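Indexing begins at 1, ligand by ligand and atom by atom, following the structure's order. Note that the coordinates shown come from a computational prediction; the quantities given were computed from them, not determined experimentally.
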Amino acid sequence: MSDTRHTKVLIIGSGPAGYSAGVYASRAMLEPVLVQGIEPGGQLTTTTDVENWPGDTEVQGPDLMVRMEAHARAMGTDIIGDIITSLDLSKRPYTAHSDSGTVYTADSVILATGARAKWLGLPSEEAFKGFGVSACATCDGFFYRGQEIVVIGGGNTAVEEALFLTNFASKVTLVHRRGELRAEKILQNRLFKNPKIETLWHHQLDEVVGTDMPKGVEGVRVKHVETGAITEIPCKGVFIAIGHAPANELVKDVLETHMGGYVVTKPDSTETSIPGVFAAGDLTDHKYRQAVTSAGMGCMAALEAERFLAEAGDDSGKDVTEPLGYGAPVKEGAD
Ligand code: FAD
Ligand code: NAP
């Protein structure tokens, strides 16, 4: 028989947005339950140096997230190692089914499921995932000691991954589809100064090449975006760092999304189109996507949940599928 737990505030996700929401909701005496998901601590657990978290000139991403968890727990957040597998937002209390079998019912929900790495979608990328193709340098970089590595992408993640991988690799080639990087200037300066890193501009990954027995990568074929000319680069590891997409699986069919799946919220708010359901962090933010902005939105969501619960009174069971009357929703594909 499945276990059922009721809470005033269910927080889904354990990144900066989720834990900040936990701190604020706990201090509002809402006794929140926070479900951590498959990646406790979120995206920052996949990186090393974080240099833009206020108060810490430099902090390791995993350490910062351990501290955030401890903070939320100390304030009274009930933090649970579980994964929400489906969410029914058609009536209050809202119902969340989970991987463990526990059914969570909640008067309000804070969605903080963040974002996940994007893939190129090439068959050879898929074939070698886990056998030389990765999207997480901190997780897998150690396997390529003394080897050559290729990183695909031109944003902060790609540049940070390339820099981090020089700790292990004999050479790192950064392959980018344009002639300039999107990454912050401070990171670009470090990249261009690093003697182990070579940058190949105006190229796209065409194919990952490798062997079946034993399964492993031997190199990549990259294509010039204008001429179509193919260049072969020998390497043992390929790191795909082409950005992140919002983890919206639980709500994409019931909440409005835009700009490639980001959940739409009311301007200057974390309110979604369903009363009592709030969205914070990278799930909703297509613009900034930073730890500090995610934490800020987690705070907003908890404060808004507190106000919602105070005003809603006991109207549990009411059909809440009618959207709030704010501005025209931006439909998917508007970008
Ligand atoms: P996330 O951190 O993405 O966390 C999402 C959480 O939701 C996870 O805990 C996951 O387990 C959970 N979840 C998802 N689905 C479910 C489910 N079904 N049930 C339960 N839980 C679920 N930002 C900076 O400001 N500075 C940096 O230096 C920096 N470095 C970065 C380096 C890398 C490699 C990457 C990938 C990102 C970096 N960022 C950095 C961006 C930053 O990590 C994100 O902006 C931030 O983590 C977003 O926080 P979040 O709380 O919205 O979600
Ligand atoms: P991003 O900023 O969206 O950059 C993605 C990069 O991948 C871009 O250079 C893009 O090329 C390229 N790309 C996208 N699709 C591609 C494709 N199909 N083929 C080839 N290249 C492709 O993503 P991100 O670097 O993962 O960063 C995500 C967010 O996290 C950002 O807000 C970032 O600031 C934040 N972050 C911050 C830090 C930090 O503060 N130190 C570190 C990591 C991440 P184009 O440039 O041509 O579009």
Practice task
Using distance alone, decide if ligand 2 has a nitrogen or oxygen within less than 3.5 Å of any nitrogen or oxygen in L187.
Solution key: no
Problem - Nearest-contact summary for atom 40 (O) of ligand 2 - protein heavy atom, Å - result: N52 ND2, 2.8 Å
Problem - Nearest protein heavy atom with distance in Å, relative to atom 32 (O) of ligand 2 - result: Y288 O, 3.1 Å
Exercise for the section: Kindly confirm or rule out an N or O of H244 lying under 3.5 angstrom from an N or O of ligand 1. Expected result: no
Exercise for the section: Could you find the nearest protein heavy atom to atom 10 (C) of ligand 1 and give me its residue, atom name and distance? Expected result: Q36 O, 3.6 Å
Problem - Structural part of A115 in contact with ligand 1, heavy atom criterion under 4.0 angstrom - result: backbone
Practice task
Indicate whether the side chain of T173 and that of E198 have a donor and an acceptor atom separated by less than 3.5 Å.
Solution key: no
Practice task
Identify whether F239 and F128 are in the same connected component of the hydrophobic contact network (ILVMFWY, side-chain heavy atoms under 4.5 Å).
Solution key: no
Problem - Proximal ligand 1 atoms for V35, defined as those under 4.0 Å from one of its heavy atoms - result: 20 (C), 21 (N)
Completion exercise
The atoms of ligand 1 lying under 4.0 Å from a heavy atom of G13, numbered in the order shown, are 6 (C), 7 (O), 12 (C), 21 (N)
Handout entry: atom 30 (O) of ligand 2 - nearest protein heavy atom and its distance
Key = R289 O, 3.4 Å
Handout entry: Closest protein heavy atom (residue, atom, distance) for atom 27 (C) of ligand 1
Key = N52 OD1, 3.7 Å
Problem - Steps toward ring pair (Phe, Tyr, Trp, His ring centres under 6.0 Å) verdict (H258, H286) - result: CA-CA 9 Å; H258 66 164; H286 59 88; 5.3 Å; yes
Problem - Nearest option to atom 17 (C) of ligand 2, as decided by whichever heavy atom of Q290, R177, K287, H176 sits closest - result: R177
Practice task
Report yes or no: do S98 and D82 form a side-chain donor-acceptor pair below 3.5 Å?
Solution key: yes
Handout entry: Region of T47 engaging ligand 1 - heavy atom pairs below 4.0 Å
Key = side chain
Handout entry: Side-chain H-bond candidate by donor/acceptor type, S269 with E304, under 3.5 Å
Key = yes
Practice task
Would you indicate which of E51, Q43, E160 comes nearest to atom 41 (N) of ligand 2 when only heavy atoms are counted?
Solution key: E160
Practice task
Assess R145 against F143: is NZ or CZ under 6.0 Å from the centre of the six-membered ring, and within 45 degrees of the ring's axis?
Solution key: no
Problem - Atoms of ligand 2 close to E184 [distance to a heavy atom under 4.0 angstrom, numbered from 1] - result: 39 (C), 40 (O), 41 (N)
Fill in the blank from the handout: Quick note on ligand 1: atoms under 4.0 Å from a heavy atom of L250 include exactly 18 (N)
Problem - Check ion pair R190-E160 (N to O, under 4.0 angstrom) - result: no
Practice task
Please state whether R116 comes within less than 4.0 angstrom of ligand 1, counting heavy atoms only.
Solution key: yes
Practice task
Could you name the option among T157, L120, T47, L122 that has the heavy atom nearest to atom 27 (O) of ligand 2?
Solution key: T157
Problem - Contacting atoms of ligand 1, where contact means under 4.0 angstrom from a heavy atom of A112 - result: 5 (C), 6 (C), 7 (O)
Practice task
For the pair Y262 and E256, evaluate side-chain hydrogen bond (donor to acceptor under 3.5 Å, both in side chains) and give the outcome as yes or no after the intermediate values.
Solution key: CA-CA 8 Å; Y262 291 88; E256 288 142 19; over 6 Å; no
Completion exercise
For atom 53 (O) of ligand 1, the closest protein heavy atom turns out to be G114 CA, 3.3 Å
Handout entry: Any A247 heavy atom less than 4.0 Å from ligand 1
Key = no
Exercise for the section: Please say whether G153 places an N or O atom under 3.5 Å from an N or O atom belonging to ligand 2. Expected result: no
Handout entry: Atoms in ligand 1 with a heavy atom of S294 nearer than 4.0 Å
Key = 45 (O), 46 (C), 48 (C), 49 (O), 52 (O)
Problem - Electrostatic pair E148:K171 at N-O distance under 4.0 angstrom - result: no
Handout entry: Shared hydrophobic cluster, I233 / L120 (ILVMFWY, side-chain heavy atoms < 4.5 Å)
Key = yes
Practice task
Over 60° means perpendicular and under 30° means parallel, so classify the ring planes of F142 and F168, tilted if in between.
Solution key: perpendicular
Handout entry: Identified side-chain contact (heavy atoms from CB on, under 4.5 Å) partner of V217 from the options I149, T211, V133, V209
Key = V133
Practice task
Using a strict cut-off of less than 4.0 Å between a Lys/Arg side-chain nitrogen and an Asp/Glu carboxylate oxygen, indicate whether E125 and K129 qualify as a salt bridge.
Solution key: no
Handout entry: Nearest neighbour in protein (non-hydrogen) for atom 18 (N) of ligand 1
Key = I84 O, 2.9 Å
Exercise for the section: Check whether the side chains of D88 and H97 place a donor and an acceptor atom closer than 3.5 Å, and report yes or no. Expected result: no
Fill in the blank from the handout: atom 37 (C) of ligand 2 has as its nearest protein heavy atom N156 ND2, 3.5 Å
Handout entry: Subset of ligand 1 atoms that lie under 4.0 Å from at least one heavy atom of A17
Key = 51 (O), 52 (O)
Practice task
May I ask you to establish whether K236 and Y144 are in a cation-pi arrangement, using a distance under 6.0 Å from NZ or CZ to the six-membered ring centre and at most 45° from the ring axis?
Solution key: no
Completion exercise
Within 4.0 Å of some non-hydrogen atom of G154, the atoms of ligand 2 are 6 (C), 7 (O), 8 (C), 9 (O)
Problem - Donor-acceptor side-chain pairing of S26 and T77 below 3.5 angstrom - result: yes
Practice task
Just go through E180, K118, R178, R182 and tell me whose heavy atom is the nearest to atom 48 (O) of ligand 2.
Solution key: R182
Completion exercise
atom 44 (C) of ligand 1 sits nearest the protein heavy atom D282 OD2, 3.3 Å
Completion exercise
for atom 2 (O) of ligand 1, nearest protein heavy atom and its distance come out as Q43 N, 3.0 Å
Problem - Identity and distance of the protein heavy atom lying nearest atom 22 (C) of ligand 1 - result: G37 CA, 3.6 Å
Problem - Protein contact to atom 31 (C) of ligand 1 [nearest heavy atom, distance to 0.1 Å] - result: L44 CD2, 4.0 Å
Handout entry: Residue, atom name and distance, where the atom is the protein heavy atom closest to atom 20 (C) of ligand 2
Key = Q204 OE1, 3.1 Å
Practice task
Check whether any N or O atom of P40, backbone or side chain, sits under 3.5 Å from an N or O atom of ligand 1, and answer yes or no.
Solution key: no
Problem - Pair D78 + R73: basic N to acidic O under 4.0 Å - result: no
Completion exercise
Closest heavy-atom approach to atom 8 (C) of ligand 1 among E39, M297, E161, E160 is made by E39
Practice task
Please write down residue, atom name and distance for the protein heavy atom closest to atom 14 (C) of ligand 2.
Solution key: I242 O, 3.3 Å
